[in-house]
Trainee: 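The structure's right below; bear with me while I get my questions together.
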Amino acid sequence: MDAAPDVPAQDGLREAAAAWLAQDPDPETRAELRALLDADDGPALAGRFGARLEFGTAGLRGELGAGPNRMNRVTVMRAAAGLAARIRQDHPAGAAVAIGYDARHGSRRFALDTAAVLTGAGLAARLFPRPVPTPVLAHYVGASGAVVAGVMVTASHNPPRDNGYKVYWGDGAQIVPPLDAEISAAIDAVGRVDGLPLGTGWDLLGDAEIDRYLDAVAGLRLGAARDVSVAYTPLHGVGRDVLLRAFGRAGFRAPAVVPEQAEPDPDFPTVAFPNPEEPGAMDLVLGLAEAAGADLVIANDPDADRCAVAVPGPDGWRTLTGDEVGGLLAEQVLAHTAGDDRLIASTIVSSSLPAAIARAHGVRFAESLTGFKWIMKAGRPGDRLVFGYEEALGYSVGDDRGLPVRDKDGVGAALAIAALAATAARDGRTLGDLLDDQARRYGLHATSQLSFRVADPALITGAVARLRADPPAEIAGRTVASFDDLAEGAGGLPPTDGLRFRLAAGPSGGTARVVIRPSGTEPKLKCYLEVVLPVGDGDGDIAAVRARGAAELDALRTALSAALGLG
């Protein structure tokens with residue numbers, strides 16, 4: 001999460017480090033800190049004690065190491081104590097909290113510390129005894145009726161040296177304001193962790209809870225076709241076993257799994273970043289698919305809450321964008337549900353295609369801020385959310401019985417896209433054909449991203465401030481038709497740090513949109529680009545329109561790189 005100023009000034013770093021050392025229960029981080037003190041390494045101490053990880057709507061996330069600006073046992077115990085204090089404001093002693101964890105460095109230890117602190121505070125802890133996908137924990141929190149909150153220890157798709165701490169409330173969704181600020185204030189009030197009462201005797205959850213999740217996602221009513229061959233990778237994460245069981249329970253043949261990435265490995269040795277969006281991350285699974293003659297490629301990120309998809313085409317395998325998969329799944333869900341109270345939701349940085357799909361189907365659409373915590377709050381009273389997605393490969397797929405998981409779910413999405421591919425194949429068609437159908441029906445919604453990863457977050461702050469103070473009148477030859485400073489709120493949404501430009505028609509007609517926002521979990525600035533172009537009826541027309549859309553996205557990328565000055 002974002003680093004916030006903390007009490008120690010430069011001349012107090014050694015004192016702050018010594019105070020931390022005195023309460024730290026972890027021999028590894030104590031040794032790290034002693035070495036830094038012995039070396040009088042001022043910059044390293046400043047990086048750990050000159051700021052702190054701030055608890056927000058995505059909980060905590062940061063690099064492992066000693067100090068308040070790192071993920072470690074002290075940080076986690078303080079977070080657990082603050083969470084317990086906030087829970088006790090609403091619930092009596094004995095209220096239960098579920099705890100899950102992935103296979104990253106430190107995850108199991110952090111989960112055990114959380115259980116000890118919660119039980120020491122008079123709550124009951126229910127701990128998964130081995131690593132599980134994030135959607136399994138989220139499903140249990142929302143569906144069991146037995147817990148008032150949940151904690152998932154995971155850094156999702158972040159680099160190997162990171163870990164994180166995600167909090168769910170009793171409805172099974174991630175926390176949103178003001179709850180995050182209330183928990184943060186309670187964390188700030190926690191004293192030394194070596195003075196916290198620690199409990200024992202927490203309950204262990206088992207296969208029954210995983211089976212209930214599998215029943216929920218494998219039972220989604222999304223069509224009966226099952227004849228599809230899949231190549232799959234969990235990217236060294238924890239998704240493999242649950243996904244394979246889900247496919248078997250739903251009646252699909254078992255996917256072929258990339259052997260080099262099949263087992264959980266917190267070092268993620270075969271990829272630069274364990275994120276299927278990153279270049280090269282899916283190379284091994286694409287190679288497996290080619291060798292095996294698979295119909296479909298599916299990848300999960302390490303905690304299996306995201307799902308990437310690739311399909312074969314005339315020029316080889318093509319990885320679909322999150323927006324393309326989102327559009328396909330939106331119509332898949334609407335084709336197997338009923339009622340004009342149905343709601344589909346996506347975010348301000350996702351494609352505008354779902355809004356067009358909702359209009360055509362006579363159902364409701366809502367736009368939210370970025371993140372599934374906001375998607376789950378989208379809409380109005382009386383809306384029935386059946387599908388939500390964000391462009392960053394996150395999907396929550398439901399049916400007329402509701403959403404199995406009130407968060408993104410890479411396993412449920414994998415089942416849904418496999419069912420859609422099998423249905424298309426049964427009819428002599430492909431997912432590519434379905435994408436072309438959508439382009440003809442709604443116009444081509446071509447989307448892309450431009451990201452800048454920086455060492456100094458101040459560079460991002462400065463770039464956004466410059467554009468906010470002096471927004472351009474045109475971008476890549478298109479006139480800026482409207483400009484929204486999202487920090488002031490837009491369209492009834494809460495304020496968020498970002499800028500949105502809606503662009504008038506360009507040389508190829510249609511419209512365009514650019515959204516610029518800093519990442520909430522990484523030192524990155526992200527630009528989300530969309531060009532919407534009309535499409536004719538012929539196959540040749542759509543190929544030409546796709547080429548024009550790609551060219552216009554390239555022009556937008558070039559113009560924004562120059563304007564931001566970060567590339």
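Computed from a predicted model, the values in this text were never measured in an experiment. For the numbers below, each heavy atom of this structure counts, side chains included, while hydrogens, waters and symmetry mates do not.
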Trainee: Give a yes or no on whether the backbone of Asp162 and the side-chain of Arg104 come within a donor-acceptor separation of less than 3.5 Å.
Mentor: yes
Trainee: How long is the straight-line distance from CG of Asp203 back to CG of Leu205, given to the nearest 0.5 Å?
Mentor: 7.5 Å
Trainee: To the nearest 0.5 angstrom, please state how far the NE2 atom of His139 sits from the CD1 atom of Ile210.
Mentor: 12.0 Å
Trainee: Using a strict 4.0 Å threshold on nitrogen-to-oxygen distance, state whether Asp180 and Lys373 make a salt bridge.
Mentor: no
Trainee: For side chain to side chain donor-acceptor pair (under 3.5 Å), just list the numbers for His236 and Asp267, CA-CA rounded to whole Å, side-chain angles, deciding distance to a tenth of an Å, and then say yes or no.
Mentor: CA-CA 8 Å; His236 301 292; Asp267 293 318; over 6 Å; no
Trainee: Determine, step by step, whether Arg249 and Asp215 satisfy the salt bridge (charged side-chain N to carboxylate O under 4.0 Å, His left out) criterion, reporting the C-alpha distance in whole Å, the side-chain angles of both residues, the deciding distance to 0.1 Å, and the verdict.
Mentor: CA-CA 8 Å; Arg249 191 164 300 201; Asp215 286 342; 2.7 Å; yes
Trainee: List the steps, then state whether salt bridge (charged side-chain N to carboxylate O under 4.0 Å, His left out) holds for Arg441 with Glu331.
Mentor: CA-CA 12 Å; Arg441 190 176 304 126; Glu331 290 212 280; 3.1 Å; yes
Trainee: Distance-only, no hydrogens or angles: does the Arg108 side chain make a donor-acceptor pair with backbone N or O of Arg130 under 3.5 Å?
Mentor: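 No; zero donor-acceptor contacts below 3.5 Å.
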Trainee: Taking the side chain from Ser350 and the backbone from Ser346, do they hold a donor-acceptor pair closer than 3.5 Å?
Mentor: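 Judged by distance alone, no pair lies under 3.5 Å.
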Trainee: When you check the gap from the basic side-chain N to the acidic O, do Arg440 and Asp541 get nearer than 4.0 Å?
Mentor: no
Trainee: Indicate whether the side chain of Asn163 and that of Ser107 have a donor and an acceptor atom separated by less than 3.5 Å.
Mentor: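 Yes.
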Trainee: Run the side chain to side chain contact (heavy atoms under 4.5 Å, CB included) test on Leu60 and Lys166 for me, step by step, so that the C-alpha distance in whole Å, both residues' side-chain angles and the decisive distance to 0.1 Å come before the verdict.
Mentor: CA-CA 7 Å; Leu60 295 165; Lys166 186 182 294 188; over 6 Å; no
Trainee: Please answer whether the main-chain N or O of Leu435 pairs with a side-chain N or O of Gln438 as donor and acceptor at a distance below 3.5 Å.
Mentor: no
Trainee: Search all heavy atoms of Gly322 against all heavy atoms of Tyr389 and return the closest pair with its distance.
Mentor: O-CE1, 3.6 Å
Trainee: Taking side chain as C-beta onward, heavy atoms only, is Val271 less than 4.5 Å from Glu278?
Mentor: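 Not touching, per the 4.5 Å side-chain cut-off.
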Trainee: Between CG of Asp497 and CD1 of Ile516, what distance do you get to the nearest 0.5 Å?
Mentor: 11.0 Å
Trainee: Out of curiosity, His445 NE2 to Thr321 OG1, how far, rounded to the nearest 0.5 Å?
Mentor: 12.0 Å
Trainee: If you define the side chain from C-beta out and look only at heavy atoms, does anything of Val386 sit under 4.5 Å from Ile344?
Mentor: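 Yes; the side chains approach each other to less than 4.5 Å.
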Trainee: Please walk me through it: do Arg546 and Asp436 pass salt bridge (charged side-chain N to carboxylate O under 4.0 Å, His left out)?
Mentor: CA-CA 10 Å; Arg546 287 191 186 280; Asp436 288 349; 2.9 Å; yes
Trainee: Please report the interatomic distance CD1(Ile375) to OG(Ser396), rounded to the nearest 0.5 Å.
Mentor: 8.5 Å
Trainee: Find out whether Phe365 and Asp383 are in side-chain contact, i.e. whether some heavy atom of one side chain is under 4.5 Å from a heavy atom of the other.
Mentor: no
Trainee: Return yes if a side-chain donor-acceptor contact under 3.5 Å exists between Glu390 and Thr347, otherwise no.
Mentor: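 Absent: no donor and acceptor within the cut-off.
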Trainee: Check for a donor-acceptor pair, side chain of Asp427 on one end and backbone N or O of Arg429 on the other, with a separation under 3.5 Å.
Mentor: no
Trainee: Any side-chain to backbone donor/acceptor pair from Arg226 onto Gly223? Under 3.5 Å, distance only.
Mentor: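 Flag set: sc Arg226 to bb Gly223 pair under 3.5 Å.
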Trainee: If you measure from the Lys or Arg side-chain nitrogens to the Asp or Glu carboxylate oxygens, is any gap between Arg384 and Asp400 under 4.0 Å?
Mentor: yes
Trainee: Do Val311 and Leu320 make a side-chain contact, defined as non-hydrogen atoms from C-beta onward lying under 4.5 Å apart?
Mentor: yes
Trainee: Please assess Asp305 against Thr134 for the test side chain to side chain donor-acceptor pair (under 3.5 Å), listing each intermediate value before the final yes or no.
Mentor: CA-CA 6 Å; Asp305 66 349; Thr134 291; 4.9 Å; no
Trainee: Report the C-alpha separation of Ile348 and Tyr528 in whole Å, then their side-chain angles, then the decisive distance to 0.1 Å, and conclude whether the side chain to side chain contact (heavy atoms under 4.5 Å, CB included) test is met.
Mentor: CA-CA 9 Å; Ile348 56 173; Tyr528 304 85; over 6 Å; no
Trainee: What is the minimum heavy-atom distance between Phe247 and Ala414, and which atoms define it?
Mentor: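 Smallest heavy-atom distance, with atoms named: CZ-O, 3.9 Å.
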Trainee: I would like to know whether Tyr442 and Val535 meet side chain to side chain contact (heavy atoms under 4.5 Å, CB included); could you show each step before the answer?
Mentor: CA-CA 8 Å; Tyr442 307 114; Val535 178; over 6 Å; no
Trainee: Can you tell if the side chain of Arg557 reaches within under 4.5 Å of the side chain of Ser448, non-hydrogen atoms only?
Mentor: yes
Trainee: Given Glu263 and Arg240, is the side chain to side chain contact (heavy atoms under 4.5 Å, CB included) satisfied, shown in steps?
Mentor: CA-CA 8 Å; Glu263 296 293 333; Arg240 178 195 61 184; 3.0 Å; yes
Trainee: With a 3.5 Å distance limit and no angle check, can you tell me whether Asp323 reaches the backbone of Ser351 through a side-chain donor-acceptor pair?
Mentor: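 Between the backbone of Ser351 and the side chain of Asp323 there is a qualifying donor-acceptor contact (under 3.5 Å).
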Trainee: Where do Val147 and Tyr140 come nearest, in terms of heavy atoms and distance?
Mentor: CG1-CE2, 3.8 Å
Trainee: Please answer whether the main-chain N or O of Asp437 pairs with a side-chain N or O of Asp433 as donor and acceptor at a distance below 3.5 Å.
Mentor: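 No, because the side chain of Asp433 does not come within donor-acceptor range (under 3.5 Å) of the backbone of Asp437.
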Trainee: Any heavy-atom pair between the side chains of Val176 and Trp374 that's under 4.5 Å?
Mentor: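 When only atoms from C-beta onward are counted, Val176 and Trp374 do touch, with a gap below 4.5 Å.
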Trainee: What are the two closest heavy atoms between Gly410 and Pro135, and how far apart are they?
Mentor: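 Distance-wise, the nearest heavy atoms are N-CG, 4.5 Å.
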Trainee: Thr154 side chain to Asp102 main-chain N or O, any donor-acceptor pair under 3.5 Å?
Mentor: no
Trainee: Apply salt bridge (charged side-chain N to carboxylate O under 4.0 Å, His left out) to Lys377 and Asp171, showing your working.
Mentor: CA-CA 11 Å; Lys377 307 296 183 186; Asp171 62 353; 3.2 Å; yes
Trainee: Under a 4.0 Å threshold between the charged nitrogen and the carboxylate oxygen, would Arg502 count as salt-bridged to Asp484?
Mentor: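 Salt bridge: yes.
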Trainee: Backbone N or O of Arg513 within a donor-acceptor pair of the Glu530 side chain at under 3.5 Å?
Mentor: no
Trainee: Under a 3.5 Å cutoff, is there a donor and acceptor pairing between the side chains of Glu260 and Thr270?
Mentor: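 The answer is no; no qualifying pair exists.
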Trainee: Should Met282 and Thr319 count as side-chain neighbours, where that means a heavy-atom distance under 4.5 Å?
Mentor: yes
Trainee: Heavy atoms only: give me the nearest Leu296-Leu431 pair and the separation to one decimal.
Mentor: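 Minimum heavy-atom separation between Leu296 and Leu431: CD1-CD1, 3.9 Å.
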Trainee: Just say parallel, tilted or perpendicular for the rings of Phe387 and Tyr395, cut-offs at 30° and 60°.
Mentor: parallel
Trainee: Establish, from distance only, whether the side-chain atoms of Thr337 and Asp399 form a donor-acceptor pair under 3.5 Å.
Mentor: no
Trainee: Taking atom CG of Leu235 and atom CG of Asp265, what is their separation to the nearest 0.5 Å?
Mentor: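 Result: 12.0 Å between the selected atoms.
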Trainee: Run the salt-bridge test on Glu391 and Arg306 with the 4.0 Å N-O cut-off and return the result as yes or no.
Mentor: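 A salt bridge is absent here (no side-chain N lies under 4.0 Å from a carboxylate O).
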Trainee: Taking the side chain as every heavy atom from C-beta outward, state whether Leu486 and Arg517 have any pair of such atoms under 4.5 Å apart.
Mentor: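 SC-SC contact between Leu486 and Arg517 ruled out.
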Trainee: Assess whether side chain to side chain donor-acceptor pair (under 3.5 Å) is satisfied between Asp301 and Ser156, documenting all intermediate values.
Mentor: CA-CA 7 Å; Asp301 68 338; Ser156 189; 3.0 Å; yes
Trainee: Please name the pair of heavy atoms, one in Pro302 and one in His157, separated by the smallest distance, quoted to 0.1 Å.
Mentor: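 That closest heavy-atom pairing would be CD-CA, 4.1 Å.
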